[in-house]
Amino acid sequence: MLFRRRARMLRWLVCGRLGPVWMWKALLLFVALAFAGQLLGVIFNKSSVQPAARSILLSRNAQGPSLGSCQPRTHIMFLKTHKTASSTVLNMLYRFGEERDLYFALPSGYQLGYPLPFNAHRVKGYRGPRAVEFHIMGNHMRFNKPEVEKVMPADTFYFSIIRDPVALAESSFAYYKEVAPAFRKAKGLGDFADDPNKYYDPRLRNNHYARNLLWFDFGMDNNANFSLALAQHYEALIRRAFKLILVSEHFDQSMILLRHALCWPLDAVVSFSLNARQQKPSIGGISGSWVSKAVEVAGGGGRGGRSQAKTPPNLSLTEEQREKLRQWNALDWYLYKAFNQTFWEEIDRFGQSQMEQEVALLRTRRDDLARVCLRDGGKPVEAHRIRDKNIRPFQSGLVKILGYELQPGLDNSTRTACLRMIRPEIQYKDLLDAKQFPRAPAAQAQLGQQSLGLLAASGSLLKRDPSRTGEKLVGGGAERRTMEEGERDWDGSRLMRSNQTLIQGNEKLR
């Protein structure tokens, strides 16, 4: 009754003082529609990024500046060096290949026999030289070009990435302190830098992480005495094998050069930093000077077990200690200087002005995709805070490895594209493996449990002190090793000793 009286009063006021009835009805209709729209918006509200997400993935910016009439390269070999932002680069290769149903040269485990020199038989599905067309190879290996050529087509594009040896040593010390005996014995990186020979034994397994790691990954003897002739000789070999060497300190410029070399759309080289180390403030003498997020990556592909220690390693260095690390890693320092110079010569040929424009587009695109794809403004978060367990990065070493959370409310196609950009390396490799080698659901579930077991087993092996077991390298080369009968390699495969030649399963490693 009260409502009716007030309605009659309003009609009288409006009709009598403000105008005819039709005007009153129009006003009421307008108010009712506005209220209904607001109510429906609350009830059916979805993430406000959803319309932007659909448009951003289809926008012209996804392609980037025109590359002319070139055709995208699909035969690619990436030497995934350690501690160089290589996990982020591998994610790009995984995404590009998955979107186009390309065939990957995948390991049975998670690395292609590392730290042993690569052998073609370590590739899952390999049936002899060129018997299968593999498009992309990029998992960790110790480079061995003749064996790679057995797997990859003749027109394969070879590229890799390097990093300043001092920054690489900081990251390697943080990540492999429990793994490399030379690092484990040192109180901090500065302590190691002051007298590396006090801690370093070239015969001990995993000590290659402590000296000339780039040189080792490229397949050379990291314990060789430096000479200019030796360094120039192997520099020339690398130049003949690799068409492009990227520099992790200049990651965005590297991505532009890579995009043009591969003739790929811009979105194919847009990335979020993966396997980033958690940045810590300086506490109680522990260094808070962590290297830039874009290159603070765990190059070990997530191998190893969960760290029991909670205190981050001391990475503090004086300028004198930094110089000592350059001398200790003289072979790596030579490579870095040589290919850093070549890198900037490439940019000069490309054009400084054009490079600046394309880098600006790349960064804008990355920010746009982060806004669409990621929660919390795109900031990486600790693994335990990631709700979806399938995208939590595997934890190893003394520092926490960060990951990302997806923005809620994305449509299916956008969520798929965003998920590819943040999926950790181990989970992505497993997904690609399942696509290339499909199994029954029950068998696939069992395999997933086995994979977790292998990771846990490999972690305990990596933490074991080789000096306690007497496990040493024979001779001067890091590739000549003796191992106890029944020992397992990093991917969990059993290794046996036969006439001083390592045999994996029934496959001979040359």
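Predicted model only: the values in this text are computed from it and were never measured. Note that these values count all heavy atoms, side chains included, but never hydrogens, waters or copies made by symmetry.
- Rounding to the nearest 0.5 Å gives a distance of 11.0 Å between CG of N329 and CG of L335.
- At a threshold of 4.0 Å, the pair K185-E178 does not count as salt-bridged, since none of the basic side-chain nitrogens sits closer than that to a carboxylate oxygen.
- Atom CG of residue L189 and atom CG of residue L315 lie 6.0 Å apart, to the nearest 0.5 angstrom.
- Between W328 and Y200, the ring centre distance stays below 6.0 Å.
- In the displayed structure, K243 atom NZ is contacted under 6.0 Å by at most 12 heavy atoms of other residues, nucleotides or ligands.
- K83 has its side chain within reach of S172: a pair of non-hydrogen atoms, C-beta onward, lies under 4.5 Å apart.
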Going through the checks in order, is the side-chain contact (heavy atoms from CB on, under 4.5 Å) test met by D267 and L369? CA-CA 9 Å; D267 271 9; L369 288 173; 4.1 Å; yes
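- Under 4.0 Å is where a charged nitrogen must lie from a carboxylate oxygen, and between E98 and R420 at least one such pair does.
- The shortest non-hydrogen separation linking A186 to K177 is O-NZ, 2.9 Å.
- Comment: E425 engages K80 in a salt bridge, judged by a side-chain N to carboxylate O separation of less than 4.0 angstrom.
- Exactly one of R363, R365, R259 qualifies for a salt bridge (Lys or Arg N to Asp or Glu O under 4.0 Å) with D252. That residue is R363.
- A salt bridge does not link R371 to D367: none of the charged nitrogens lies less than 4.0 Å from a carboxylate oxygen.
- The 12-atom threshold is exceeded at CG of N197, counting heavy atoms of other residues, nucleotides or ligands nearer than 6.0 Å.
- Side-chain contact of R211 with N207: a donor-acceptor pair under 3.5 Å is absent, judged by distance alone.
- Remark: E149 engages K145 in a salt bridge, criterion side-chain N to carboxylate O under 4.0 Å.
- The two residues T88 and F272 come nearest to each other via the heavy atoms CG2-O, 3.7 Å.
- Residue E345 places its CD atom among more than 12 non-hydrogen atoms of other residues, nucleotides or ligands, all under 6.0 Å distant.
- Contact check for K150 versus F118: no side-chain heavy atoms found under the 4.5 Å cut-off.
- Residues Y103 and F134 place their aromatic rings such that the two centres sit under 6.0 Å apart.
- The closest side-chain heavy-atom distance from S271 to R95 is below 4.5 Å.
- Centroid-to-centroid, the aromatic rings of Y158 and H75 stay 6.0 Å apart or farther.
- A donor-acceptor pair is defined here as one N or O able to donate and one able to accept, closer than 3.5 Å; such a pair exists between the side chain of S227 and the backbone of L230.
- Put simply, CG on L79 and OG on S86 are 9.0 Å apart, with the number rounded to the nearest 0.5 Å.
- Taking the six-membered ring for Trp and the full ring otherwise, Y176 and F183 have centroids separated by 6.0 Å or more.
- Once rounded to the nearest 0.5 Å, the distance linking NZ of K324 with CG of D195 reads 8.0 Å.
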Could you go through N340 and H250, starting from their C-alpha distance and side-chain angles, then the distance that decides it, and tell me whether this counts as side-chain contact (heavy atoms from CB on, under 4.5 Å)? CA-CA 10 Å; N340 185 62; H250 309 291; 4.1 Å; yes
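- Y234 OH: 12 or fewer foreign heavy atoms inside a 6.0 Å radius.
- Under the 30°/60° scheme for interplanar angles, the aromatic rings of F96 and W264 are found to lie parallel.
- In this structure, S171 contributes its side chain and A167 its backbone to no donor-acceptor pair below 3.5 Å.
- Summarising the geometry of I347 relative to M355, their closest heavy-atom pair is CG1-CE, 4.0 Å, with the distance given to 0.1 Å.
- For the pair N144 and N119, the minimum side-chain heavy-atom distance is 4.5 Å or more.
- Partner of I162 under the side-chain contact (heavy atoms from CB on, under 4.5 Å) criterion, chosen from V247, T81, I238: V247.
- Cation-pi contact between R163 and Y336: absent, since separation from the ring centre below 6.0 Å together with deviation from the ring axis within 45° is not met.
- Distance check: D430 CG to R423 CZ gives 10.5 Å after rounding to the nearest 0.5 Å.
- To the nearest 0.5 Å, the span separating CE on M421 from CG on L419 amounts to 11.5 Å.
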Apply the test salt bridge (charged side-chain N to carboxylate O under 4.0 Å, His left out) to residues D433 and R439: give CA-CA distance (whole Å), side-chain angles for both, the deciding distance (0.1 Å), then the verdict. CA-CA 10 Å; D433 188 286; R439 299 174 181 84; 3.5 Å; yes
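- Counting all heavy atoms, side chain and backbone alike, N212 lies closest to N222 at ND2-O, 3.0 Å.
- Taking every heavy atom of both residues into account, F143 and A241 meet most closely at CE2-CB, 4.3 Å.
- At a threshold of 4.0 Å, the pair R322-E170 counts as salt-bridged, since one of the basic side-chain nitrogens sits closer than that to a carboxylate oxygen.
- Taking the ring centroids of Y334 and W215, they lie at or beyond the 6.0 Å cut-off.
- Evaluated for a ring-ring contact (aromatic ring centres under 6.0 Å, His included) with F78, the options F242, F159, F104 yield exactly one hit, F159.
- Checking side-chain atoms of N139 against main-chain N and O of P107 turns up no donor-acceptor pair under 3.5 Å.
- Across all non-hydrogen atoms, the minimal contact from M152 to H135 is CE-O, 3.4 Å.
- Within the cation-pi definition used here (under 6.0 Å to the ring centroid, within 45° of the axis), R73 does not qualify as a partner of F157.
- Classification of E147 and R122 as a salt-bridged pair fails, no side-chain N sitting under 4.0 Å from a carboxylate O.
- For D332 (side chain) and L214 (main-chain N/O), a donor-acceptor pair under 3.5 Å exists by modelled atom type.
- Contact annotation: the side chain of Y94 never approaches that of M92 to less than 4.5 Å [non-hydrogen atoms, C-beta and beyond].
- Ring orientation note: the planes of F216 and Y114 are nearly perpendicular, at an angle over 60° on the 30°/60° scale.
- Salt-bridge formation is not detected for the pair K187/D194: no Lys NZ or Arg NE/NH1/NH2 atom is positioned less than 4.0 Å from an Asp or Glu carboxylate oxygen.
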